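Throughout, residue positions are numbered sequentially from 1 according to the sequence presented. This structure is a prediction, so every number in the text was calculated from the model and none was measured.
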Amino acid sequence: MLTALDSLVLAAAERRPVHRSVYGLLPLALGPHLVHALAGLMTAVLWRSPYGPLSALLVLLPTHLSCWAFAQYHREQTARRATVRALVHAVDIKDTYTRGHSNASAGPPF
């Protein structure tokens, strides 16, 4: 449902057909939905096992650790982008002849 609503907003904002927005967002949304569905299934199966409520800890702890690792990765990528931008800015200030040649929007995404 969230992907459908996001697609509608994206289609309205960019004035493009809804089906293009859906097909653009659907592959990106399937991964998180499948992971959450698997975590829910594991919790339900373990809840019915002898572990009972302890199963929530068995499922949520690895999920929390993976979330923490992803956040660390995101922070590292953000710091790397900031470093590259600072270096580009320093080169632009230093050399007026080549100013603007190292524009990050013209090159590959960092």
Pairwise distance CZ(R80) to CD(E76) - rounded to 0.5 angstrom: 8.5 Å
Output for pair (K94 NZ, H89 NE2), nearest 0.5 Å, gives 14.0 Å
Listed partners of R20 passing salt bridge (charged side-chain N to carboxylate O under 4.0 Å, His left out), at least two apart: none
Please list, chain by chain and in numerical order, all residues satisfying side-chain contact (heavy atoms from CB on, under 4.5 Å) with H64, sequence neighbours excluded. none
Using a 4.5 Å side-chain heavy-atom cut-off and chaining through intermediate ILVMFWY residues, the residues clustered with W47 come out as none
Once salt bridge (charged side-chain N to carboxylate O under 4.0 Å, His left out) is applied, what residue pairs with a partner in residues 57-67 remain, sequence neighbours excluded? none
Partner residues of R75 under the side chain to side chain donor-acceptor pair (under 3.5 Å) criterion, sequence neighbours left out: Q72
Just say parallel, tilted or perpendicular for the rings of Y73 and F70, cut-offs at 30° and 60°. tilted
I'd like a table of donor-acceptor pairs (distance under 3.5 Å, sequence neighbours excluded) in which one partner is a side-chain atom from residues 35-46, with atom names and distances.
{"unit_1": "H36", "atom_1": "ND1", "unit_2": "P32", "atom_2": "O", "d": "2.7"}
{"unit_1": "T43", "atom_1": "OG1", "unit_2": "A39", "atom_2": "O", "d": "2.9"}

